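Per chain, numbering begins at 1; letters A, B, ... match sequence-line order. Source: prediction; values computed, not measured.
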Protein chains: 2
Amino acid sequence: MYTIIDLKNILNVLTYTQSTDGAGQMSPKRNDTLKVKLERDIIAGLLKPGARLDEVSLAERFQVSRTPIREALLQLSSMGLVQLRPRRGAVVAEIGLKELLDMFEVMAELEGMCGRLAARRATKPELDHLQDVHAASEDAVTAGDYDAYYRCNVAFHETIYQASRNLFLAEQTMKLRNRLAPYRRSQLHQNGRLSGSFNEHKAILAALIAQDGAAAERLMQGHLTAQGGSMNDFIASLPDDVLNRSDPAAVAAG
Amino acid sequence: MYTIIDLKNILNVLTYTQSTDGAGQMSPKRNDTLKVKLERDIIAGLLKPGARLDEVSLAERFQVSRTPIREALLQLSSMGLVQLRPRRGAVVAEIGLKELLDMFEVMAELEGMCGRLAARRATKPELDHLQDVHAASEDAVTAGDYDAYYRCNVAFHETIYQASRNLFLAEQTMKLRNRLAPYRRSQLHQNGRLSGSFNEHKAILAALIAQDGAAAERLMQGHLTAQGGSMNDFIASLPDDVLNRSDPAAVAAG
DNA sequence: AATCGAAATCATGTATACAATAATTGATTT
DNA sequence: AAATCAATTATTGTATACATGATTTCGATT
């Protein structure tokens, strides 16, 4: 086994990773502009879950024919951001409560894995950058600037994804983060989540610098799940229609 | 935190999960027949990595126009099974050594997670089914029937995915398994892997029955990674062109 | 008046035609 | 003879036209 571990670590240092974009295809991007624009609208919350995506409307909005629109929708469907119902058109994906909890559970695992690997593999520049981002986020906390902290938060986590030196893991985690984004908008606005999140970042950063993989994994998982308080706020922040769409039993249980 | 955990467990028992297909879209399948057929050909190894996927050839082979072919290729691209190079056509995805190791690392984590959750959540019928599958696989081992064992192996793992009671996790794990499938064909044919795999399954099954999540996770990870011996065989079984395609530094390191 | 049914309308799925770009081949020049 | 450039060919990307199936509306019947 050690030969493999060594090989992997050597590869992580020596190889220049062939970068693939989010869709899993090689770097030279085709006409992804439509996909990206729609994706951003969905992630940013401009297109809310359940919103209908009419092909002809989108076509005339973007001044193209239906064909590229259909291709973009197909890609977004594969990413899970839109639902494609046969002969019934596309809508922005609505995720039920059960599915959301499932996705969050996987998200915690993946982010925890990122933390564990990053503790072992992060380079000095990556750690420096992480500290810079963390410092910037502190300013955002004191200023109470939610938007600024949101951006710092994204940068913090994505830096750790990169530092895991597992490009596939980084992509998968980012994809899942984006897919959950429409349901996380107001998360940081809950009670004391801003400073809470900041303190958790602080502990995670310390674990990474100490190269303590187990601690980094545990702290990161806690940061994302109930122990960090994030999950409760997340549930609380769910829009009514998400909860209502779920199974009656689930609502009763909640 | 406990309220959430309880809610989640209650949900896992009470809710009837809205099933989504592998592409992340709701159950009523559109004309996925093309995607499925191509996917099977790729997973089964009939279409080898690097093989060119000409749209017109595929169109006349399946007796349809290029449009549905393009849609199928786009979906397969999003799944990572084919590479879509702009203006240069589609090929069956070639995965470099580094990326393969990355994917395997994530695969081990996801399967480990499935094991951990299944230990806590598997129902009696699921465990019974798992034992049946395991018994059938024993016959395959004594008979030295690789194909039969391969099928049992898939059934064993997929049953555990389901038993994790996290449908999203199950889907993601299965997707990744399929994506790695073209590179795992000859894996079981290596030296004593057949009985080795069987014994590992035995230990995993015991951990699941004992509801020992930590053990199930650890054993499952070991089953997939170097400790189980699978990784070494996997590396050894890699076709030359995969290794050659990698970065020279990687080859030197290996 | 309400509900069921049928027809019409509209949106999606597929095919085909056209445009644009990359690959290939051939010719010319050094 | 080899290499480079240009022109042709072939394949991908986009638009549009047509077909199929779902939804909605209007009418008739209970």
Side-chain angles (χ1 to χ4, degrees), chain A residues 18 20-39 41-42 47-94, chain B residues 20-39 41-42 47 49-94:
Chain A
Q18 63 263 34
T20 67
D21 73 359
Q25 54 212 25
M26 294 302 285
S27 43
K29 52 190 166 219
R30 60 162 42 184
N31 201 354
D32 280 338
T33 162
L34 277 179
K35 188 194 80 173
V36 171
K37 281 179 183 170
L38 282 173
E39 184 182 359
D41 282 358
I42 294 173
L47 289 169
K48 292 195 174 60
R52 203 137 180 302
L53 297 170
D54 185 45
E55 291 180 3
V56 290
S57 309
L58 291 173
E60 63 189 29
R61 174 182 158 193
F62 290 106
Q63 292 294 308
V64 292
S65 82
R66 277 176 51 218
T67 308
I69 295 290
R70 283 179 64 82
E71 299 200 341
L73 290 177
L74 211 58
Q75 289 181 77
L76 292 170
S77 164
S78 294
M79 296 172 60
L81 281 174
V82 313
Q83 282 174 284
L84 241 48
R85 301 163 305 175
R87 289 269 174 203
R88 297 196 49 200
V91 295
V92 178
E94 302 187 79
Chain B
T20 67
D21 74 358
Q25 53 212 24
M26 293 302 285
S27 42
K29 52 190 166 221
R30 59 162 42 185
N31 200 355
D32 282 337
T33 162
L34 278 179
K35 188 194 79 171
V36 170
K37 280 180 183 171
L38 281 173
E39 184 183 358
D41 282 358
I42 293 173
L47 290 169
R52 211 146 170 298
L53 296 169
D54 185 44
E55 292 181 1
V56 292
S57 308
L58 292 172
E60 62 189 28
R61 174 183 158 193
F62 289 107
Q63 292 292 308
V64 293
S65 82
R66 277 177 50 216
T67 308
I69 296 289
R70 282 179 65 81
E71 299 200 342
L73 290 177
L74 211 58
Q75 290 182 76
L76 292 171
S77 165
S78 294
M79 297 173 59
L81 280 174
V82 313
Q83 281 175 286
L84 239 49
R85 301 163 306 175
R87 292 270 173 202
R88 298 193 50 197
V91 295
V92 178
E94 303 187 78

How many Å lie between CG on A/L74 and C1' on D/dG13, as a whole number? 15 Å
Spacing between B/I69 atom CD1 and C/dA15 atom P, to the nearest angstrom: 9 Å
Does A/S57 offer a backbone N or O that forms a donor-acceptor pair with the side chain of A/E60 under 3.5 Å? no
Distance, rounded to the nearest Å, where B/E55 contributes CD and C/dA22 contributes P: 15 Å
Can you name the nearest heavy-atom pair linking A/L34 to A/A72, along with the distance? CB-CB, 4.1 Å
Could you list the residues that satisfy salt bridge (Lys or Arg N to Asp or Glu O under 4.0 Å) with B/E55, not counting sequence neighbours? B/R66, B/R70
Pick the closest DNA chain D nucleotide for A/V64 and for B/G89 by heavy atoms, then say which residue is nearer the 5' end. B/G89
Could you give the CD-to-P distance, from A/E60 to D/dA15, as a whole number of Å? 14 Å
Using side chain to side chain donor-acceptor pair (under 3.5 Å) as the criterion, list what pairs up with B/S65, not counting sequence neighbours. none
Length of the CZ-P vector between A/R70 and D/dA17, whole Å: 17 Å
So, does A/R88 get its side chain near the phosphate of D/dT23, meaning an N or O under 4.0 Å from OP1 or OP2? yes
Identify whether any heavy atom of B/V56 sits under 4.0 Å from a base atom; if not, whether one sits that close to sugar-phosphate; answer base, sugar-phosphate or nothing. nothing
Check: protein-nucleotides 16-20 of chain C nitrogen or oxygen pairs below 3.5 Å:
from: C/dT16; atom 1: O4; to: B/T67; atom 2: OG1; distance (Å): 3.4
from: C/dA20; atom 1: N3; to: B/R87; atom 2: NH1; distance (Å): 3.2

Whole-Å distance between D/dT12 P and B/E71 CD? 16 Å
Please identify each residue that fulfils side-chain contact (heavy atoms from CB on, under 4.5 Å) with A/A90, with sequence neighbours left out. A/L53, A/L73, A/L84
Nearest-angstrom distance from the residue atom CG of B/L58 to P of D/dT11: 12 Å
B/T67: side chain to side chain donor-acceptor pair (under 3.5 Å) partners, not counting sequence neighbours: none
Compare the minimum distances between each of D/dT14, C/dG13, C/dA11 and the side chain of A/R52, then state the nucleotide with the smallest one. C/dA11
Who are the salt bridge (Lys or Arg N to Asp or Glu O under 4.0 Å) partners of B/D41, not counting sequence neighbours? B/R61
Separation of D/dT14 atom P from A/F62 atom CZ, nearest Å, is 14 Å
